[in-house]
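To start, the structure itself, in structure tokens.
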Amino acid sequence: MAALSGVRWLTRALLAAPNPGAWRSLSTSVVAQAASQSQAEDMRVEGAFPVTMLPGDGVGPELMHAVKEVFKAASVPVEFQEHHLSEVQNMASEEKLEQVLSSMKENKVAIIGKIHTPMEYKGELASYDMRLRRKLDLFANVVHVKSLPGYMTRHNNLDLVIIREQTEGEYSSLEHESARGVIECLKIVTRTKSQRIAKFAFDYATKKGRSKVTAVHKANIMKLGDGLFLQCCEEVAELYPKIKFETMIIDNCCMQLVQNPYQFDVLVMPNLYGNIIDNLAAGLVGGAGVVPGESYSAEYAVFEMGARHPFAQAVGRNIANPTAMLLSASNMLRHLNLEYHSNMIADAVKKVIKLGKFPFAIPSFLLHPLALLPI
């Protein structure tokens with residue numbers, strides 16, 4: 001594949017960079033080892049940070065391969081412990097789920113692709129992806145939507161953050177047939193989790209120097225459920241007088257994002273709304289392939305694509321964009337306090353995109369031989 005040959009080009013470029021000793025002094029040597037008993041493919045690095053890798057479905061394995069090759073070429077001190085969990089590839093079971101959970105609990109940090117959820121009902125309402133997030137209590141999903149110079153889009157210089165509660169709401173997996181032909185699907189909203197995500201949003205805004213938080217809701221229709229969420233956001237907002245607080249109904253928010261996205265800074269919302277807005281906002285800056293995302297609990301951090309799509313029709317065709325996954329990997333390195341490597345990879349991505357020499361959907365643009373060389 002062209003992408004794989006491009007990775008080899010990048011590796012050669014790094015080895016040929018001026019003062020190669022400077023690259024090697026930043027990290028320890030890479031040592032290849034065999035797969036573990038769980039059939040995980042590990043990249044062992046002495047003294048490195050252990051990170052759980054879950055490639056997922058569709059183009060996920062290809063994108064993760066690009067991440068591994070770029071990390072190897074840049075001598076990033078990270079040890080990937082790879083596991084596979086898939087409902088569509090017959091690689092999902094309670095045993096595999098527990099193996100993944102054990103690895104993520106031990107390492108505290110993970111990078112994952114999209115675990116595709118089949119629409120067919122086979123006796124279990126909660127998908128493995130949802131169960132994974134619940135068991136780790138990954139309550140906060142953060143998607144930073146930012147324009148990348150070099151991509152031609154309707155709106156330029158966008159910079160907004162979407163924060164989504166992702167452990168309850170419409171994704172509670174509580175459905176039943178109350179009468180023949182009548183399905184009840186329960187939406188769960190709790191004060192505890194609504195206050196928690198609201199506080200997370202305001203803490204995030206404070207830490208990142210953001211000036212406004214907008215709570216997105218549908219309390220005019222769901223007066224009790226979304227009404228509780230909105231009330232919690234209003235209560236938390238009073239504790240942060242320096243942060244401007246606004247509210248907006250979800251349907252109006254969709255229109256405003258398309259017409260004037262510059263009015264937004266940080267948006268906080270329940271589960272389903274966040275899923276929809278993540279995808280809408282990704283479309284404003286270039287699509288699902290360019291927006292990174294991450295999910296947090298009190299203990300764990302998981303890095304992923306901001307708009308989750310398996311893109312199965314692109315498997316093996318070398319057309320899936322690796323930007324989102326590589327930027328997510330860069331964010332992961334920053335979380336691990338590997339600022340140098342994080343900045344090197346993120347700057348390389350942005351530099352090559354800005355050059356505009358490669359089509360939007362070609363992943364090998366990131367594997368340009370000069371991509372990681374000092375500017």
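These numbers come from the heavy atoms of this one structure, side chains and all, not from hydrogens, waters or symmetry mates.
- For the pair E299 and K105, the salt-bridge criterion is not met [side-chain N within less than 4.0 Å of a carboxylate O].
- Crowding of L224 atom CG: a count of heavy atoms from other residues, nucleotides or ligands under 6.0 Å not exceeding 12.
- A donor-acceptor pair under 3.5 Å is absent between the side-chain atoms of E69 and the main chain of A66, judged by distance alone.
- With respect to D226 and K187, a salt bridge is recorded, a charged nitrogen being found less than 4.0 Å from a carboxylate O.
- In this structure, D347 does not pair ionically with K354, as no charged nitrogen and carboxylate oxygen lie closer than 4.0 Å.
- Remark: E246 engages K244 in a salt bridge, criterion side-chain N to carboxylate O under 4.0 Å.
- Salt bridge present: R191 and E235 bring a charged side-chain N and a carboxylate O closer than 4.0 Å.
- At a threshold of 4.5 Å between side-chain heavy atoms, the hydrophobic network of Ile, Leu, Val, Met, Phe, Trp and Tyr places L230 and I277 in two separate groups.
- Look at D203 and K199 and you find a salt bridge, because one of the NZ, NE, NH1 or NH2 atoms lies within 4.0 Å of a carboxylate O, short of that distance.
- Of the possible polar contacts, none joining the K114 side chain to the M305 backbone as a donor-acceptor pair under 3.5 Å is found.
- Considering T190, T192, N271 as possible partners of E168, the one that fulfils the side-chain hydrogen bond (donor to acceptor under 3.5 Å, both in side chains) test is T190.
- In plain terms, the two heavy atoms of E175 and I183 that are nearest each other are OE1-CG2, 4.4 Å.
- Side-chain N or O atoms of N107 include none that pairs as donor or acceptor with a backbone N or O of V109 at under 3.5 Å.
- Ring-centre distance between Y240 and F245: not below the 6.0 Å cut-off.
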Would you sort out whether H335 and F303 count as a ring-ring contact (aromatic ring centres under 6.0 Å, His included), showing the intermediate values?
CA-CA 10 Å; H335 176 79; F303 296 84; 5.6 Å; yes

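- Salt-bridge formation is not detected for the pair K193/E165: no Lys NZ or Arg NE/NH1/NH2 atom is positioned less than 4.0 Å from an Asp or Glu carboxylate oxygen.
- Under a 3.5 Å cut-off, the side chain of S172 and the backbone N or O of G169 do form a donor-acceptor pair.
- Residue-environment remark: NZ (K212) exceeds the threshold of 12 foreign heavy atoms within 6.0 Å.
- Both tests do not hold together for R210 against Y204: distance to the six-membered ring centre under 6.0 Å, angle to the ring axis within 45°.
- Without hydrogens or angle criteria, T323 side chain to V290 main chain gives no donor-acceptor distance under 3.5 Å.
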